[in-house]
2 protein chains.
Amino acid sequence: MDTKPQSQDNPSQYNADAFAKPSVTVDVAAFTAREGKLCVLLVKRGVWPFAGAWALPGGFVRLDEDLDTAVQRELVEETGVAAAHYLEQLYTFGAVGRDPRTRVISVAYYALLPGPESGLPLAASEPEAGTDAAEARWWPVDSLPSLAFDHAEILATALTRLRAKLGYTSVAYALLTEEFTLTELQTVYEIILGYSLDKRNFRKKMLAAEILEGTPRQKRDGAHRPAQLFRFTKKEPVFMG
Amino acid sequence: MDTKPQSQDNPSQYNADAFAKPSVTVDVAAFTAREGKLCVLLVKRGVWPFAGAWALPGGFVRLDEDLDTAVQRELVEETGVAAAHYLEQLYTFGAVGRDPRTRVISVAYYALLPGPESGLPLAASEPEAGTDAAEARWWPVDSLPSLAFDHAEILATALTRLRAKLGYTSVAYALLTEEFTLTELQTVYEIILGYSLDKRNFRKKMLAAEILEGTPRQKRDGAHRPAQLFRFTKKEPVFMG
DNA sequence: ATACATTGTGTTTCATGGACACAAAGCCGC
DNA sequence: GCGGCTTTGTGTCCATGAAACACAATGTAT
């Protein structure tokens with residue numbers, strides 16, 4: 001209802017700033033698939049608290065920007081990676097003691113970016129220690145350093161959500177380049193899920209979902225049979241039966 | 001990362017309050033099933049903005065309380081209903097213009113309470129215009145007044161989530177009293193989903209899910225065959241195959 | 001004891017998901 | 001140019017879960 005800190009009997013003299021406020025940040029778990037592993041983008045903290053520890057990129061929300069905007073801005077500022085191909089709000093973490101400085105409520109997001117091996121413009125996903133962070137790099141999610149704040153919990157939540165959503169939507173588009181082979185698509189699934197899939201069943205399901213369209217182009221990969229290139233018909237996640 | 005507004009080179013002189021901050025509220029869509037309809041708890045606003053309009057209960061988060069705590073407190077303060085049997089964070093709404101007063105970021109929840117007809121202690125779910133709100137009452141979700149702020153959007157999100165979650169978890173426990181008949185359980189499902197279900201399939205699925213246990217007691221309902229009373233084995237939502 | 005309203009129970013059918021093997025295409029080396 | 005290698009591309013069977021569907025049993029009131 002948003003009514004608490006104002007004088008009930010004098011609506012004209014509203015003062016929203018009469019009470020001490022929590023701070024609001026956004027934090028983002030940005031994922032990509034590279035070198036056969038699912039990786040998340042982390043930055044090394046330079047300052048107290050958790051100086052020297054690795055953390056999810058993030059920062060304070062400005063008064064005049066939407067939450068999504070804040071996330072994209074922080075990603076660029078702190079890590080230099082281009083705008084995420086997919087961004088989804090995850091959960092809001094607001095426990096009282098989660099930040100030793102003061103009360104901080106963090107709206108967590110996860111983001112997906114195409115990997116470098118699918119032959120994409122490299123710059124888009126290469127981190128380069130932004131203006132704020134000491135260092136930024138991709139970490140495989142199966143060999144992470146220990147994380148600052150409650151970021152391990154945020155990351156675990158993000159991973160669970162990503163894996164679930166991969167199963168019943170077409171979000172995988174955000175992890176690939178415009179055109180790709182069915183084997184490349186399957187590899188992305190396998191990397192993220194962490195186990196291997198049956199080729200025939202995978203192709204059957206993907207083609208039945210009506211989310212892909214074939215192109216006349218092929219990818220010829222060295223000494224073997226060329227593969228047809230496909231693309232997603234929509235660049236937004238749609239439900240898959 | 002939570003680093004933006006502090007001096008990078010002087011970690012000891014941290015001042016988290018150096019920047020203007022958004023306000024943080026919680027809002028809650030509290031549902032119950034009564035008189036054959038799915039109802040949501042609304043309060044009538046007494047003050048600007050949207051004075052006279054109906055809104056979801058909610059209010060500012062205090063510095064020293066967790067988000068869930070704030071929700072339960074606001075529910076009691078504004079509507080007088082007892083603590084919700086189930087509470088789940090929904091989404092955080094933070095668009096710049098969503099509140100005409102100032103920048104307000106709202107962490108939205110939905111809550112479930114048992115209805116009165118299942119023979120529960122009435123007081124627990126009878127609203128009685130709390131200290132803050134002019135008036136509080138249950139509204140059937142299929143005949144709502146127009147809502148303040150973006151609360152219609154929040155409510156729509158809550159409804160979608162509730163209906164989905166009812167299908168694959170045992171959250172329905174929060175809408176019933178301790179013991180209930182299978183027909184009462186089915187009625188709750190039908191009220192929330194908005195369509196009727198096949199009795200045999202419903203019972204088969206519920207009993208197969210291993211979330212219920214029979215009691216030796218029966219409910220004798222007037223002039224007809226008595227029905228066995230059941231209870232949920234866990235008072236937390238568990239996944240149902 | 002008979003009529004009434006509600007509880008309580010099984011089978012068939014269909015769709016979906018998982019296991020499983022082999023021919024076709026292109027390149028390389030000989 | 002022929003054989004060998006590696007990857008693409010395809011179809012069937014089986015099990016499991018979801019949906020349709022009807023009737024006997026129980027207790028009360030007349």
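Throughout, protein chains are lettered first and strands after them, A, B, ... in sequence-line order, and every chain is numbered starting at 1.
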Donor-acceptor pair present, [X] side chain and [N] base, under 3.5 Å:
| X | N | value |
| --- | --- | --- |
| A:Lys204 | C:dG17 | no |
| A:Lys205 | C:dG17 | no |
| B:Arg225 | C:dT6 | no |

Should we count [atom1] of [X] as having more than 12 external heavy atoms under 6.0 Å?
| X | atom1 | result |
| --- | --- | --- |
| B:Glu210 | CD | no |
| A:Glu236 | CD | yes |
| B:Arg217 | CZ | no |

Rounded to the Å, how far apart are [X] [atom1] and [N] [atom2]?
| X | N | atom1 | atom2 | result |
| --- | --- | --- | --- | --- |
| B:Met206 | C:dG8 | CE | C1' | 16 Å |
| B:Gln186 | C:dT6 | CD | P | 13 Å |
| A:Leu207 | C:dG17 | CG | P | 14 Å |
| A:Glu184 | D:dG9 | CD | P | 11 Å |
| B:Tyr189 | D:dA18 | OH | P | 13 Å |
| B:Leu193 | D:dA19 | CG | P | 12 Å |
| A:Lys199 | C:dA24 | NZ | C1' | 11 Å |
| A:Asn201 | D:dG9 | CG | C1' | 14 Å |

Centroid-centroid distance, A:Phe230 to A:Phe180, less than 6.0 Å: no
Return the 5'-most residue of the pair B:Gly241, A:Gln228 with respect to DNA chain D, ranking by each residue's nearest nucleotide. A:Gln228
Where the side chain of [X] is defined as all heavy atoms beyond and including C-beta, which of [options] is the nearest nucleotide?
| X | options | value |
| --- | --- | --- |
| A:Ala223 | C:dG8, C:dC28, D:dA19 | C:dC28 |
| A:Pro226 | D:dT8, C:dT7, C:dA25 | C:dA25 |
| A:Arg200 | D:dT8, D:dA19, C:dC20 | C:dC20 |
| B:His224 | D:dT10, D:dA22, C:dA5 | C:dA5 |

Can you check whether A:Arg220 has a side-chain N or O nearer than 4.0 Å to OP1 or OP2 of C:dG26? no
Looking across every strand, which nucleic acid part, if any, lies under 4.0 Å from A:Thr181 by heavy atom: base, sugar-phosphate, or nothing? nothing
Which atom names give the shortest non-hydrogen contact between A:Thr25 and A:Val61, and what distance separates them? C-CG2, 4.0 Å
Judged by each residue's nearest nucleotide on DNA chain C, which is more toward the 5′ side, A:Asp198 or A:Gln218? A:Asp198
